[in-house]
Amino acid sequence: MSTEATGRAGAAVEAGASDERLRRWRLVLGGAEADGTGCELTGQDAGMDGALGALYGGGAAGKGRAGKDRSAGLGGSAPSVARWLGDIRTYFPSSVVQVMQRDAIDRLGLSTLLLEPEMLEAVEADVHLVGTLLSLNKAMPETTKETARAVVRKVVENLEKRLATRTRATLTGALDRSARISRPRHHDIDWNRTISANLKHYLPEYRTIVPERLIGYGRASQSVKKEVILCIDQSGSMAASVVYASVFGAVLASMRSINTRLVVFDTAVVDLTDQLDDPVDVLFGTQLGGGTDINRALAYCQSQITRPADTVVVLISDLYEGGIRNEMLKRVAAMKASGVQFVTLLALSDEGAPAYDREHAAALAALDAPAFACTPDLFPEVMAAAIEKRPLPIPDTGSPGR
């Protein structure tokens with residue numbers, strides 16, 4: 001190819017890249033007079049622009065399909081919202097659809113429209129939508145409740161498929177290792193720990209170790225080895241955590257070696273343990289919103305502990321305490337002194353560190369009960385560490401609760 005042809009090809013590529021940048025900026029800026037792109041959208045791009053403008057535009061937002069004027073906002077019309085939900089599912093991937101739905105609920109006050117069955121059938125279901133539905137549970141008409149349960153069940157089943165197998169495998173290993181025995185059978189020997197404990201018995205002439213003490217772990221049994229109490233703050237800000245905790249609670253309850261109790265609280269305390277075979281029932285047994293009394297919740301959990309040395313208490317809360325702060329801290333200290341493994345999660349969600357009471361988090365850390373945010377993928381490792389009584393795998397967030 002000649003130098004001139006090469007130059008023309010390079011210029012074409014550069015021009016194409018420039019046009020693509022202008023197109024993207026035009027979609028971001030919304031087409032107002034001051035956007036400065038001079039870029040006209042057509043076809044699918046115009047449709048995407050219309051869907052974005054309806055949610056994020058502050059007023060008139062340029063031109064929509066076929067060059068017609070369009071204004072921002074979805075109004076209160078169920079048909080227009082249903083069309084918009086269909087549009088965004090056409091133009092954007094599922095992860096983006098979920099974000100836009102969440103923003104529509106937060107920015108445009110569309111929660112009440114979710115009380116209509118046809119709206120629920122049109123939305124892309126995710127953890128945050130489940131949280132919104134749970135907060136609307138008491139206001140939900142009977143005609144909508146079955147549809148809402150179906151939406152929640154779909155999300156819960158997907159979460160169980162994603163999380164259950166790894167959780168069971170991780171915790172089964174932790175339970176076996178926590179039951180180490182001093183006279184193990186050959187197949188039960190923990191060779192790494194046995195070698196480490198017998199290094200002083202190394203025989204250089206034979207280049208081997210003659211172990212005087214074998215360390216092993218017992219075989220898995222059907223008896224209950226550990227007690228786990230999940231104590232979940234059901235204030236409105238904890239919606240995603242309530243969803244994930246309910247799913248994990250059901251998974252733990254399915255393991256015969258773990259006796260699982262699930263307690264939710266606001267200013268009152270409700271024990272939902274008898275519903276753990278169906279996490280959807282657990283979720284509809286919660287009541288998102290209201291105040292917070294962590295001290296009262298921990299008092300109830302403390303009353304349920306019969307084997308402190310074999311008990312793990314997991315408090316899931318942002319620690320904004322409405323009860324008696326000093327009493328709450330005394331209860332945590334008393335449980336730890338009795339041998340309970342105490343874990344505080346500021347959130348159990350995909351979003352990372354939430355807003356939380358830093359003073360309470362620091363006070364718990366001073367009791368050697370660090371508070372930190374935990375993702376669902378990390379939760380099995382946190383529980384395994386608590387069961388084995390080893391240091392927790394705390395994310396490096398730099399928070400004062402560490």
Side-chain angles (χ1 to χ4, degrees), residues 171 174-175 177-182 217-218 223-233 241 245 248-249 252 257-265 267 269-271 273 292-348 356-374 378-395 397 399-402:
L171 297 192
L175 289 165
R177 289 188 294 274
S178 70
R180 289 190 176 93
I181 54 180
S182 59
Y217 35 81
S223 61
V224 172
K225 294 179 178 178
K226 294 291 180 179
E227 310 275 342
V228 173
I229 302 177
L230 299 178
C231 185
I232 310 168
D233 182 346
S241 298
F248 276 117
L252 295 178
S257 297
I258 299 177
N259 184 36
T260 305
R261 184 171 294 276
L262 188 143
V263 176
V264 298
F265 68 93
T267 53
V269 180
V270 180
D271 192 326
T273 302
T292 308
D293 192 338
I294 303 172
N295 178 54
R296 176 177 289 187
L298 291 182
Y300 176 80
C301 294
Q302 194 173 20
S303 72
Q304 302 301 306
I305 297 173
T306 57
R307 300 191 299 150
D310 294 316
T311 299
V312 179
V313 174
V314 183
L315 172 65
I316 304 175
S317 173
D318 54 17
L319 300 180
Y320 287 111
E321 170 67 319
I324 306 172
R325 175 183 185 271
N326 290 337
E327 287 297 315
M328 174 190 78
L329 296 174
K330 286 180 181 178
R331 290 192 190 282
V332 174
M335 282 189 271
K336 286 187 63 65
S338 70
V340 171
Q341 295 297 110
F342 194 91
V343 179
T344 306
L345 302 182
L346 301 169
L348 178 55
Y356 62 94
D357 189 307
R358 292 176 177 268
E359 184 179 349
H360 287 161
L364 287 172
L367 296 174
D368 194 27
F372 56 97
C374 178
L378 180 63
F379 184 75
E381 300 298 335
V382 170
M383 290 302 299
I387 286 171
E388 295 182 60
K389 299 183 179 181
R390 55 182 170 83
L392 302 178
I394 301 174
T397 60
S399 75
R402 294 187 62 228

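All residue numbers in this chain count up from 1 along the given sequence.
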Original post:
Between the main-chain N or O of N295 and the side-chain N or O of E321, is there a donor-acceptor pair closer than 3.5 Å?
Top reply: yes

**OP:** Please check if the side chain of K336 supplies one atom and the backbone of D368 the other of a donor-acceptor pair under 3.5 Å.
**Re:**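 Yes, the answer is positive, given that a donor and an acceptor are paired below the 3.5 Å cut-off.
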
Please give me the minimum heavy-atom distance between [X] and [Y], naming the atom from each residue.
| X | Y | answer |
| --- | --- | --- |
| A384 | L171 | N-CD2, 3.5 Å |
| I394 | P370 | CD1-CG, 3.5 Å |
| D271 | L262 | OD1-O, 3.4 Å |
| D233 | S317 | OD2-OG, 3.0 Å |
| A385 | P391 | CB-O, 3.6 Å |
| A334 | Q302 | CB-NE2, 3.8 Å |

Roughly how far, to the nearest 0.5 Å, is the [atom2] atom of [Y] from the [atom1] atom of [X]?
| X | Y | atom1 | atom2 | result |
| --- | --- | --- | --- | --- |
| I258 | K225 | CD1 | NZ | 10.0 Å |
| R325 | I294 | CZ | CD1 | 11.0 Å |
| C301 | F342 | SG | CZ | 8.0 Å |
| I316 | F379 | CD1 | CZ | 6.0 Å |
| I229 | L315 | CD1 | CG | 11.5 Å |
| E381 | M383 | CD | CE | 12.0 Å |

Original post:
Can you list the steps and then say if Y356 with T344 is a side-chain contact (heavy atoms from CB on, under 4.5 Å)?
Top reply: CA-CA 12 Å; Y356 62 94; T344 306; over 6 Å; no

Does the side chain of [Y] come within less than 4.5 Å of [X]'s, by heavy atoms?
| X | Y | result |
| --- | --- | --- |
| L378 | P395 | yes |
| L364 | L329 | yes |
| V314 | L348 | no |

**OP:** Check the pair E227 / R261 against side-chain contact (heavy atoms from CB on, under 4.5 Å), numbers first and verdict last.
**Re:** CA-CA 8 Å; E227 310 275 342; R261 184 171 294 276; over 6 Å; no

**OP:** Go through the steps to decide whether T260 and T273 satisfy the test side-chain contact (heavy atoms from CB on, under 4.5 Å), and finish with yes or no.
**Re:** CA-CA 7 Å; T260 305; T273 302; over 6 Å; no

Original post:
Counting only heavy atoms not in R331, do more than 12 fall under 6.0 Å of its CZ?
Top reply: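 Count over threshold, so yes.
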
Subject >> Residues T292, F265; criterion side-chain contact (heavy atoms from CB on, under 4.5 Å); working and verdict >> reply: CA-CA 7 Å; T292 308; F265 68 93; 3.8 Å; yes

